[in-house]
Peer 1: 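Have a look at the structure that comes next, please.
Because the structure is predicted, anything quoted here is derived from the model rather than measured.
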Amino acid sequence: MKINWNFFAMGVLLFAVIGLYIFANHRNNRRHIEKVNISFTGDQNFYLSHEAVHKLLMQKLGNLENLPKEKLVLNAVEKLIESNEMVKKAHVYLTIKGELRAKIEQRKPIGRVEGVAKYYVDEDGKRMPLSNNHSARVPLVTGKVTEQSLGDVHDIITFVNQDDFLRKNVIGIHVTEHLNYLLKFRMDNFVVDLGRTEEMPRKFNNFKAFYLKAHKDKTLSQYSRVSLEFNNQVVCTKI
């Protein structure tokens with residue numbers, strides 16, 4: 001019987017490659033974690049410290065350095081980090097050199113509720129605890145804050161943050177008993193009565209047109225209240 005040496009050589013080569021892969025993979029799994037590296041993504045790196053993350057890992061998992069790589073469950077480490085209320089998302093992976101890296105995205109507050117309970121509202125409209133490390137410069141929310149009004153507050157601040165003029169000037173939102181929303185501006189003494197949250201683009205466009213004209217006429221200081229709740233008009237109350 002004639003032997004096809006080409007197929008034989010390819011078979012030997014294939015088994016050699018598989019053997020090397022198994023050996024390398026086994027050796028890699030037996031390596032120990034050399035270092036733990038914590039980093040934060042984005043620009044919201046104020047609310048949780050590197051030390052706090054290291055402390056959390058140490059308390060729940062012990063000292064990870066010198067731990068065999070095969071004993072570490074990366075998904076469990078991610079879920080542990082994400083259990084911290086300041087964390088939005090965590091991505092954990094191992095490098096070839098045995099370094100455990102955790103990239104953390106922190107939650108982003110957009111409003112701060114001041115009442116019996118004090119907390120932030122984050123960009124997803126969820127409650128977020130205050131931080132001992134940093135105080136966010138965001139609009140202050142007061143009044144009758146309920147689950148329903150909290151959703152409206154989130155919608156208002158999200159809209160405000162998309163407009164350069166409004167983002168720079170709106171510093172507070174007060175929720176009335178009837179779920180109307182009063183806005184406090186940075187440089188002016190009057191309040192803006194938004195009414196309900198329906199038709200916000202139209203209401204704010206009307207307000208900006210009024211503001212530009214009143215600013216040009218130097219009459220802004222004459223008003224104590226500016227109401228936007230009526231259709232296609234701005235109703236002002238003088239001091």
Side-chain angles (χ1 to χ4, degrees), residues 13-141 145 147 150-151 153-154 157-158 161-162 167:
L13 180 61
L14 179 62
F15 277 111
V17 171
I18 293 174
L20 286 172
Y21 173 80
I22 294 174
F23 172 77
N25 189 57
H26 177 71
R27 184 179 179 183
N28 182 59
N29 286 336
R30 293 193 62 181
R31 292 186 63 176
H32 291 68
I33 295 172
E34 302 291 337
K35 182 181 178 181
V36 178
N37 186 305
I38 306 295
S39 63
F40 298 103
T41 63
D43 59 352
Q44 297 295 322
N45 303 336
F46 309 117
Y47 311 104
L48 183 65
S49 66
H50 291 79
E51 293 75 16
V53 179
H54 281 291
K55 184 178 180 180
L56 175 65
L57 295 176
M58 178 69 75
Q59 288 176 338
K60 300 295 184 180
L61 302 175
N63 186 7
L64 295 179
E65 293 186 7
N66 295 321
L67 181 74
K69 292 170 62 176
E70 60 185 358
K71 292 187 177 181
L72 187 68
V73 182
L74 297 179
N75 187 52
V77 180
E78 287 183 348
K79 290 186 180 301
L80 175 60
I81 296 174
E82 289 172 352
S83 69
N84 187 288
E85 292 184 298
M86 298 296 177
V87 176
K88 182 175 183 178
K89 186 70 177 177
H91 175 54
V92 178
Y93 61 97
L94 281 166
T95 68
I96 296 176
K97 294 182 178 181
E99 182 180 4
L100 177 67
R101 293 184 180 178
K103 292 188 176 182
I104 301 172
E105 179 184 357
Q106 296 186 35
R107 296 171 67 185
K108 182 178 180 180
I110 60 172
R112 175 170 176 155
V113 175
E114 285 290 323
V116 177
K118 295 177 172 56
Y119 54 90
Y120 289 124
V121 182
D122 75 2
E123 59 188 337
D124 297 318
K126 299 177 181 178
R127 299 182 185 225
M128 173 182 171
L130 303 183
S131 170
N132 294 325
N133 298 325
H134 181 76
S135 181
R137 297 182 63 183
V138 291
L140 200 63
V141 182
V145 182
E147 290 303 319
L150 193 64
V153 165
H154 170 259
I157 299 178
T158 299
N161 285 341
Q162 294 171 350
R167 184 178 65 254

Peer 1: For M128 and D122, which heavy atoms make the closest approach, and how far apart are they?
Peer 2: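 Looking at all heavy atoms of both residues, the closest pair is SD-CB, 4.2 Å.
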Peer 1: What's the shortest heavy-atom distance between I81 and A102, and which atoms?
Peer 2: CD1-CB, 3.9 Å
Peer 1: Using salt bridge (Lys or Arg N to Asp or Glu O under 4.0 Å) as the criterion, list what pairs up with E147, not counting sequence neighbours.
Peer 2: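 Only R127 meet the salt bridge (Lys or Arg N to Asp or Glu O under 4.0 Å) criterion with E147.
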Peer 1: For I110 and I157, which heavy atoms make the closest approach, and how far apart are they?
Peer 2: O-CG2, 3.3 Å
Peer 1: May I ask you to decide if K88's main-chain N or O and E105's side chain share a donor-acceptor pair within less than 3.5 Å?
Peer 2: no
Peer 1: Can you sort out the partners of H54 under ring pair (Phe, Tyr, Trp, His ring centres under 6.0 Å), two or more places apart, ordered by chain and number?
Peer 2: none
Peer 1: Mind listing the closest non-hydrogen atom pair of R112 and V138 along with its distance?
Peer 2: N-CG2, 3.7 Å
Peer 1: Using a cut-off of 6.0 Å, state whether more than 12 heavy atoms not belonging to N63 lie near its atom CG.
Peer 2: yes
Peer 1: Look at E99 together with K97 and state whether they make a salt bridge at an N to O cut-off of under 4.0 Å.
Peer 2: no
Peer 1: Sequence neighbours excluded, which residues qualify as salt bridge (Lys or Arg N to Asp or Glu O under 4.0 Å) partners of E78?
Peer 2: none
Peer 1: Mind checking salt bridge (Lys or Arg N to Asp or Glu O under 4.0 Å) for E85 and listing every partner two or more places apart, or none if nothing turns up?
Peer 2: none
Peer 1: So which atom in E65 and which in V36 form the shortest heavy-atom distance, rounded to 0.1 Å?
Peer 2: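 So the minimum-distance heavy-atom pair works out to OE2-N, 3.9 Å.
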Peer 1: For A136 and Y47, work out which heavy atoms get closest and say how close.
Peer 2: CB-OH, 3.3 Å
Peer 1: For residues 81-101, which residue pairs qualify under ring pair (Phe, Tyr, Trp, His ring centres under 6.0 Å), counting only residues two or more places apart or in two chains?
Peer 2: H91-Y93
Peer 1: Any chance you could measure L57, atom CG, to I38, atom CD1, to the nearest 0.5 Å?
Peer 2: 5.5 Å
Peer 1: Mind jotting down which residue pairs meet the ring pair (Phe, Tyr, Trp, His ring centres under 6.0 Å) criterion with at least one end in residues 101-128? Sequence neighbours excluded, please.
Peer 2: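 Residue pairs with at least one partner in residues 101-128: there are none.
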